[in-house]
**Q** 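Handing you this structure, nothing more for now.
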Amino acid sequence: DVQLVESGGGSVQAGGSLRLSCTASGGNYSRKYMGWFRQAPGKEREGVAVIFTDDGITFYADSVKGRFTISRDNAKSTVYLQMNSLKPEDTAMYYCAAGGSSAWGWLLLHQETQYDYWGQGTQVTVS
């Protein structure tokens with residue numbers, strides 16, 4: 001099986017930045033796309049950003065456009081989420097996920113069933 005391990009979370013003041021990393025290992029699985037999701041206390045998990053690993057095409061939730069950037073380093077099997085201008089409402093557990101369906105765009109941000117593997121999450125707290 002594929003294992004996804006997130007890192008880089010922490011506590012930061014509003015307006016600050018963090019960079020999350022998600023490294024994949026194990027299995028013989030083609031990670032066609034990888035996504036970052038987040039779940040705040042008392043709220044449903046929501047899609048934040050998605051990247052296609054081959055061509056780097058990205059999609060973002062409206063709430064993070066212009067502030068967050070998803071990128072990948074295929075040689076390191078790692079996906080990053082650079083988060084700038086953080087707001088208290090960005091506080092959440094952040095998860096990365098990997099999938100390989102034929103879905104596109106909006107579906108990948110809103111349908112968790114499009115993903116086959118999930119990490120354990122990393123906490124981001126903005127005060």
Side-chain angles (χ1 to χ4, degrees):
D1 278 353
V2 173
Q3 291 83 45
L4 302 177
V5 178
E6 303 97 334
S7 62
S11 296
V12 65
Q13 290 189 338
S17 298
L18 283 173
R19 189 177 81 154
L20 307 183
S21 300
C22 172
T23 300
S25 63
N28 183 23
Y29 174 77
S30 176
R31 301 178 303 278
K32 183 176 179 182
Y33 49 82
M34 295 188 70
W36 284 99
F37 289 74
R38 67 185 181 186
Q39 187 169 22
K43 294 187 177 181
E44 292 186 354
R45 190 155 58 183
E46 62 176 357
V48 174
V50 178
I51 188 166
F52 280 78
T53 55
D54 280 350
D55 54 20
I57 291 176
T58 58
F59 298 94
Y60 295 93
D62 288 344
S63 58
V64 305
K65 280 181 181 177
R67 299 189 299 123
F68 290 11
T69 302
I70 188 171
S71 61
R72 90 283 192 214
D73 183 337
N74 291 338
K76 296 181 179 180
S77 298
T78 299
V79 171
Y80 305 97
L81 186 67
Q82 177 66 43
M83 305 186 295
N84 299 329
S85 301
L86 282 162
K87 305 174 182 180
E89 51 263 45
D90 294 318
T91 295
M93 184 72 77
Y94 283 72
Y95 301 88
C96 75
S101 78
S102 60
W104 186 257
W106 186 91
L107 286 177
L108 297 180
L109 285 173
H110 292 88
Q111 286 190 352
E112 295 184 14
T113 54
Q114 300 296 339
Y115 294 84
D116 301 311
Y117 297 98
W118 291 81
Q120 294 299 307
T122 185
Q123 178 68 38
V124 172
T125 302
V126 185
S127 60

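Source: prediction; values computed, not measured.
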**Q** Looking at Leu4 and Cys22, what are the two nearest heavy atoms and their distance?
**A**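 Shortest heavy-atom separation between Leu4 and Cys22 comes out as CB-SG, 4.0 Å.
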
**Q** Is there a donor-acceptor pair under 3.5 Å between the side chain of Ser85 and the backbone N or O of Gly15?
**A**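 Looks like no, no N/O pair under 3.5 Å.
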
**Q** Answer yes or no: is there an ion pair linking Asp116 with Arg31, defined by an N-O contact shorter than 4.0 Å?
**A**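 No, Asp116 and Arg31 are not salt-bridged.
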
**Q** Would you say the side chains of Tyr115 and Ser101 form a donor-acceptor pair under 3.5 Å?
**A**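 Side chains of Tyr115 and Ser101: no pair found under 3.5 Å.
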
**Q** The test is side chain to side chain contact (heavy atoms under 4.5 Å, CB included); show your working for Val124 and Met83 and say whether it passes.
**A** CA-CA 10 Å; Val124 172; Met83 305 186 295; 3.8 Å; yes

**Q** State, to 0.1 Å, how close Asp90 and Arg67 come at their nearest heavy-atom pair, and which atoms those are.
**A**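 Asp90 and Arg67 have their closest heavy atoms at OD2-NH1, 2.7 Å.
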
**Q** If hydrophobic clusters are built from ILVMFWY residues whose side chains come within less than 4.5 Å, do Ile51 and Trp36 share one?
**A**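 Linked, Ile51 and Trp36 end up in one cluster.
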
**Q** Would you say Val5 and Gln120 make side-chain contact, with heavy atoms under 4.5 Å?
**A**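 In short, these two side chains do not touch, never coming nearer than 4.5 Å.
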
**Q** Which class fits the ring pair Phe52 and Phe59: parallel under 30°, tilted 30 to 60°, perpendicular over 60°?
**A**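 Geometry flag for Phe59 against Phe52: perpendicular rings.
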
**Q** Any non-hydrogen side-chain atom of Asn74 less than 4.5 Å from a side-chain atom of Thr53?
**A**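 In contact.
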
**Q** Is there a side chain to side chain contact (heavy atoms under 4.5 Å, CB included) between Tyr95 and Arg38? Walk through the geometry before answering.
**A** CA-CA 6 Å; Tyr95 301 88; Arg38 67 185 181 186; over 6 Å; no

**Q** Same hydrophobic cluster for Tyr94 and Ile70, using side-chain heavy-atom links shorter than 4.5 Å among ILVMFWY?
**A**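 Tyr94 and Ile70: one cluster.
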
**Q** Ring centroids only, cut at 6.0 angstrom: are Phe37 and Trp118 within range, meaning strictly under it?
**A**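 Here the rings of Trp118 and Phe37 have centres that are less than 6.0 Å from each other.
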
**Q** Checking Glu6 side chain against Gly121 main chain: does a donor-acceptor pair fall under 3.5 Å?
**A**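 Checking the backbone N and O of Gly121 against the side chain of Glu6, a donor-acceptor pair under 3.5 Å is found.
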
**Q** Looking at Thr78 and Lys76, would you say the former's side chain and the latter's main chain have a donor-acceptor pair under 3.5 Å?
**A**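 Flag set: sc Thr78 to bb Lys76 pair under 3.5 Å.
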
**Q** Tell me whether Leu108 is reachable from Met34 by hopping between hydrophobic residues (I, L, V, M, F, W, Y) whose side-chain heavy atoms are closer than 4.5 Å.
**A**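 Different clusters: Met34 never reaches Leu108 through Ile, Leu, Val, Met, Phe, Trp or Tyr contacts under 4.5 Å.
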
